[in-house]
2 protein chains.
Amino acid sequence: MTAVKKTSTIQENKQIALEMCPVTYVMEKIGSYWKPIILYHLSTSDKRYSEIKRAIPAITEKVLIQHLKQLETDGLIIREAKPVVPPHVTYSLSTSGKGLFPVIDAMAKWAIEAQKGIFV
Amino acid sequence: MTAVKKTSTIQENKQIALEMCPVTYVMEKIGSYWKPIILYHLSTSDKRYSEIKRAIPAITEKVLIQHLKQLETDGLIIREAKPVVPPHVTYSLSTSGKGLFPVIDAMAKWAIEAQKGIFV
DNA sequence: ACAAGTACTTACCCTAAAGTATGTATTATG
DNA sequence: CATAATACATACTTTAGGGTAAGTACTTGT
């Protein structure tokens with residue numbers, strides 16, 4: 001284990017937070033604006049790179065691929081590339097990623113209810 | 001369907017995304033690293049400002065209060081201040097905030113399972 | 001008189017994330 | 001020979017969020 005630098009108080013505290021609060025762990029994995037949105041689109045069906053792009057017009061290609069790589073690294077999604085030209089790459093949820101179904105579902109339900117004004 | 005303008009900006013595209021993807025709506029409300037963590041701590045019990053602070057040592061006061069204000073503005077939490085000295089301020093989930101229980105719960109469950117290595 | 005306690009506020013700085021724009025590989029097709 | 005199609009890569013700039021540190025208000029306790 002690498003020694004923690006004196007100056008990294010916040011990192012130390014984050015470690016403590018991780019042990020104390022499960023949600024912190026989730027945030028380390030999908031705690032960004034785009035990741036849950038990407039996961040949502042993959043939760044409805046496996047998709048090619050270009051399909052995700054079309055599904056989320058507001059995201060730039062740089063950011064999209066960046067997040068896809070991170071999600072893959074974190075074991076939440078699986079990338080499958082067919083060695084053809086033009087390239088054919090499909091992304092899908094891994095077992096772990098599928099474990100997030102309840103989270104995504106709950107989000108979607110809340111959003112629909114909130115937009116209907118149910119909580120007013 | 002509205003035609004997409006060539007010049008369409010990211011804000012416009014975000015608007016479209018909002019209509020197409022419920023999760024986008026959720027992200028507009030709680031799409032940051034800290035907000036779900038704050039909501040988690042409020043979901044276990046109403047808390048004073050200082051209690052939240054202690055529960056999340058990694059967050060700075062500036063950022064904490066910033067997010068609390070935003071969450072209040074967005075109608076997810078309720079701030080109640082007793083006019084005493086020293087101040088006594090309590091934060092709690094609103095009806096809308098409580099509607100996020102399933103999301104928070106699902107996150108916590110996933111985190112626990114993921115940390116146990118269930119998804120490997 | 002001074003510190004302690006609570007819940008902030010404010011000014012300044014810094015970095016990580018995001019945006020812009022352009023380039024790359026490969027091959028079938030006109 | 002040029003173009004189209006797909007899935008990226010990369011260099012550069014900008015911005016928003018977050019971090020640091022210090023200050024404020026008001027009263028009780030020593």
Side-chain angles (χ1 to χ4, degrees), chain A residues 5-14 17 24 27-38 41-42 46-74 77-92, chain B residues 6-14 17 24 27-38 41-42 46-73 77-92:
Chain A
K5 285 186 286 183
K6 269 190 226 158
T7 45
S8 56
T9 335
I10 297 184
Q11 290 312 314
E12 281 170 12
N13 284 335
K14 268 201 179 174
T24 298
M27 288 304 109
E28 290 292 331
K29 298 286 182 181
I30 61 165
S32 82
Y33 184 84
W34 295 112
K35 281 182 191 168
I37 296 174
I38 294 170
H41 286 288
L42 288 180
D46 298 358
K47 284 192 175 59
R48 294 182 63 173
Y49 173 81
S50 52
E51 289 177 307
I52 305 176
K53 223 180 66 182
R54 268 193 300 277
I56 317 176
I59 201 171
T60 63
E61 285 200 75
K62 195 194 97 180
V63 173
L64 175 56
I65 197 106
Q66 210 170 268
H67 281 104
L68 287 172
K69 294 223 146 137
Q70 191 60 54
L71 288 168
E72 199 198 350
T73 300
D74 287 341
I77 64 173
I78 293 162
R79 192 191 101 112
E80 276 165 305
K82 285 180 194 160
V84 294
V85 167
H88 188 108
V89 178
T90 309
Y91 291 91
S92 58
Chain B
K6 271 191 211 158
T7 47
S8 56
T9 61
I10 295 176
Q11 288 313 313
E12 281 168 5
N13 283 335
K14 268 201 179 177
T24 299
M27 287 303 108
E28 290 292 330
K29 299 285 182 182
I30 61 165
S32 81
Y33 183 83
W34 294 112
K35 281 182 190 167
I37 296 174
I38 294 171
H41 285 288
L42 288 179
D46 298 359
K47 284 192 174 60
R48 295 182 64 174
Y49 173 80
S50 53
E51 289 177 307
I52 304 175
K53 223 180 66 181
R54 269 194 300 277
I56 317 174
I59 200 171
T60 63
E61 287 200 72
K62 195 195 96 179
V63 173
L64 174 56
I65 198 107
Q66 209 169 267
H67 281 106
L68 287 172
K69 294 221 148 138
Q70 191 60 54
L71 287 168
E72 199 199 351
T73 301
I77 65 174
I78 293 163
R79 191 191 102 112
E80 275 166 306
K82 287 182 193 159
V84 294
V85 168
H88 192 280
V89 179
T90 309
Y91 290 92
S92 58

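Residue numbering restarts at 1 for every chain, and letters A, B, ... go by the order of the sequence lines.
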Requested in this report: Would you indicate whether the side-chain heavy atoms of K53(B) and I59(B) approach each other to under 4.5 Å?
Outcome: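 When only atoms from C-beta onward are counted, K53(B) and I59(B) do not touch, as no gap falls below 4.5 Å.
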Query raised in the report: Do K53(B) side-chain and dA7(C) base share a donor-acceptor contact under 3.5 Å?
Result: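 A donor-acceptor contact between them is absent.
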Query - Comparing K69(A) and P86(A) on DNA chain D - which has the more 5′ nearest nucleotide - result: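 Looking at DNA chain D, the more 5' nearest nucleotide goes with P86(A).
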Report task. Using heavy atoms to find the nearest nucleotide of DNA chain D for R79(A) and V85(A) separately, return the residue whose nucleotide is more 5′. Result ->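 It is V85(A) whose nearest nucleotide is closer to the 5' end.
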Nearest to the side chain of [X], heavy atoms from C-beta on, is which of [options]?
X: K62(B); options: dA7(C), dA18(C), dC12(C); value: dC12(C)
X: W34(B); options: dT9(C), dG18(D), dC26(D); value: dG18(D)
X: V89(B); options: dC8(C), dT20(C), dG18(D); value: dC8(C)
X: P87(B); options: dA18(C), dA9(D), dT6(C); value: dT6(C)
X: R48(A); options: dT6(C), dC8(C), dA7(D); value: dA7(D)

Could you give the [atom1]-to-[atom2] distance, from [X] to [N], as a whole number of Å?
X: E61(A); N: dT6(D); atom1: CD; atom2: C1'; result: 10 Å
X: R54(B); N: dA7(C); atom1: CZ; atom2: C1'; result: 12 Å
X: Q70(B); N: dA16(D); atom1: CD; atom2: C1'; result: 13 Å
X: H67(B); N: dA16(D); atom1: NE2; atom2: C1'; result: 11 Å
X: K35(A); N: dA17(C); atom1: NZ; atom2: C1'; result: 11 Å
X: L64(B); N: dG17(D); atom1: CG; atom2: P; result: 16 Å
X: I65(A); N: dA11(D); atom1: CD1; atom2: C1'; result: 17 Å
X: I38(A); N: dA18(C); atom1: CD1; atom2: C1'; result: 13 Å

Any side-chain N or O of [X] below 4.0 angstrom from OP1/OP2 of [N]?
X: H88(A); N: dA5(D); value: no
X: Y91(B); N: dC8(C); value: yes
X: S50(A); N: dT6(D); value: no

Distance, nearest 0.5 Å, that separates [atom1] of [X] from [atom2] of [Y]:
X: L42(B); Y: E51(B); atom1: CG; atom2: CD; result: 10.0 Å
X: R48(A); Y: E80(A); atom1: CZ; atom2: CD; result: 13.0 Å
X: I37(B); Y: M27(A); atom1: CD1; atom2: CE; result: 6.5 Å
X: W34(B); Y: L68(B); atom1: CH2; atom2: CG; result: 12.5 Å

